[in-house]
Amino acid sequence: MSIFSKIFGKKQTSETDETVRIGGMEDFMTLIRVYYQSVMAAQLGISNINFLPDMAVFKRTLKIPTQNNKLGIAERSKCKKMLSDIYGLNDVFFKEIDNSIKKNCKNANDIKNYLFMFQGFSQDLMMVIGNLMQWKFRMPGVFKKMLRGMTEKAIHDIMTKTDWKDDGVRKTCHNIRIYQHTLGYSESWMTEYVYNIVLLAKKEPKPKA
C-alpha cells in the first residue's frame with residue numbers, strides 16, 4: 001500500500017491537516033523520491049508534471065497549490081516538512097541533496113541518469129550494510145544510539161577500508177566510492193540515510209511462514 005492510500009484511507013479533519021502521521025520504510029522511500037523530484041522541478045524549471053510521477057501523485061493527493069507558477073517549490077517545502085517531522089531529518093541532509101542535484105543535473109535530460117545512479121548507489125550501499133550489520137538488525141529498538149554509532153562505523157569502513165576478506169564486498173565498496181564521488185554525499189549524509197532505513201526495517205512486520 002502506498003503512502004497516499006495510507007494517508008487518505010483514514011478520515012481527515014481538513015485537507016490541510018498537519019497532524020497526519022505515517023512512518024514505514026515504504027513511506028520514507030516514497031517521500032525521499034518526492035523530495036528529489038521536487039528539487040529537480042524547482043531547479044530545472046520543469047513544467048510538465050507528468051515528467052516527475054512521484055511528485056505528481058504527492059501534489060494531487062495533498063492538493064498542494066503551485067507556488068509562483070513554478071512546480072517543485074511548494075512540493076519541496078511540504079515534503080521537507082514531512083520528512084523532518086516524521087523522521088527527524090535536519091537541514092544539512094536536505095542541503096546535500098540540493099547541492100548534489102545542482103552539481104549533476106544541468107538540464108532535464110540529466111534527470112534519468114541521476115536517478116539511475118542514485119538507485120545504484122542506494123542499492124549497493126544497503127547490500128553492503130546488510131552484509132556488515134546482519135546481527136545488529138536484531139538489536140532492540142531501545143539501543144538507537146548504539147545502532148547509529150555502529151551504522152556510522154560501517155559507513156566509514158565502506159569509504160576507507162581496503163582489506164576486505166569478501167571480494168564481492170570489496171568490489172561493491174569500490175562502486176559505492178565511485179557513486180559517492182560523483183553524487184557528492186558526505187559520510188554523515190550516508191549515515192543518516194542508512195540509519196533511517198535500518199531503523200525502519202527493524203519495525204517492518206515479519207512475513208508469515
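Numbering starts at 1 and runs along the sequence shown.
Remark: Thr160 engages His156, Glu187 in a side-chain contact (heavy atoms from CB on, under 4.5 Å) (not counting sequence neighbours). Phe94 pairs by the ring-ring contact (aromatic ring centres under 6.0 Å, His included) definition with Tyr35, not counting sequence neighbours.
At a threshold of 4.5 Å between non-hydrogen side-chain atoms, the residues Phe58 and Met82 count as touching. Side-chain contact check for Met29 versus Ile197: some heavy-atom pair is nearer than 4.5 Å. Ile111 places a side-chain heavy atom less than 4.5 Å from the side chain of Leu44. Under the 4.5 Å side-chain criterion, counting only non-hydrogen atoms from C-beta, Phe118 is not in contact with Ser100. When side chains are defined from C-beta on, Tyr193 counts as touching Ser122, because their heavy atoms get closer than 4.5 Å. Side chains of Asp27 and Ile86 form no contact here, defined as non-hydrogen atoms less than 4.5 Å apart. Residues Phe28 and Leu83 form a side-chain contact, since some pair of their non-hydrogen atoms from C-beta on lies under 4.5 Å apart.
A salt bridge does not link Asp98 with Lys102: none of the charged nitrogens is closer than 4.0 Å to a carboxylate oxygen. A salt bridge links Asp167 with Lys171: the closest approach of a Lys/Arg side-chain nitrogen to an acidic carboxylate oxygen falls below 4.0 angstrom. Between Lys81 and Asp85 there is a salt bridge, with a side-chain nitrogen of the basic residue lying less than 4.0 Å from a carboxylate oxygen of the acidic one. Salt-bridge formation is detected for the pair Lys80/Asp91: a Lys NZ or Arg NE/NH1/NH2 atom is positioned less than 4.0 Å from an Asp or Glu carboxylate oxygen.
Thr191 and Thr151 make their closest contact through O-CG2, 4.0 Å (heavy atoms, listed as atom of the first residue, atom of the second, distance).
In this structure, Lys70 contributes its side chain and Ala42 its backbone to a donor-acceptor pair below 3.5 Å. Side-chain atoms of Glu75 do not come within 3.5 Å of backbone N or O of Val34 as any donor-acceptor pair. Here the side chain of Ser77 pairs no donor or acceptor atom with the backbone of Ile73 at under 3.5 angstrom. Put simply, the side chain of Arg170 never gets that close to the backbone of Lys161: no donor and acceptor are under 3.5 Å apart. The backbone N or O of Val92 sits less than 3.5 Å from a side-chain atom of Asn90, completing a donor-acceptor pair. Within the 3.5 Å criterion, the main-chain N or O of Ile101 finds no donor-acceptor partner in the side chain of Asn104. Using a distance-only test at 3.5 Å, with no hydrogens or angles considered, a donor-acceptor pair links the side chain of Ser84 to the main chain of Leu89. Under a 3.5 Å cut-off, the side chain of Gln37 and the backbone N or O of Asp54 do form a donor-acceptor pair.
Atom CG of Asp157 is separated from atom CD1 of Ile129 by 9.0 Å, given to the nearest 0.5 angstrom.
Judged as a ring-ring contact (aromatic ring centres under 6.0 Å, His included), the pairs with a partner in residues 166-185 (not counting sequence neighbours) are, in order, Tyr185-Trp189.
Between the side chains of Lys59 and Thr66, at least one donor N or O lies within less than 3.5 Å of an accepting N or O.
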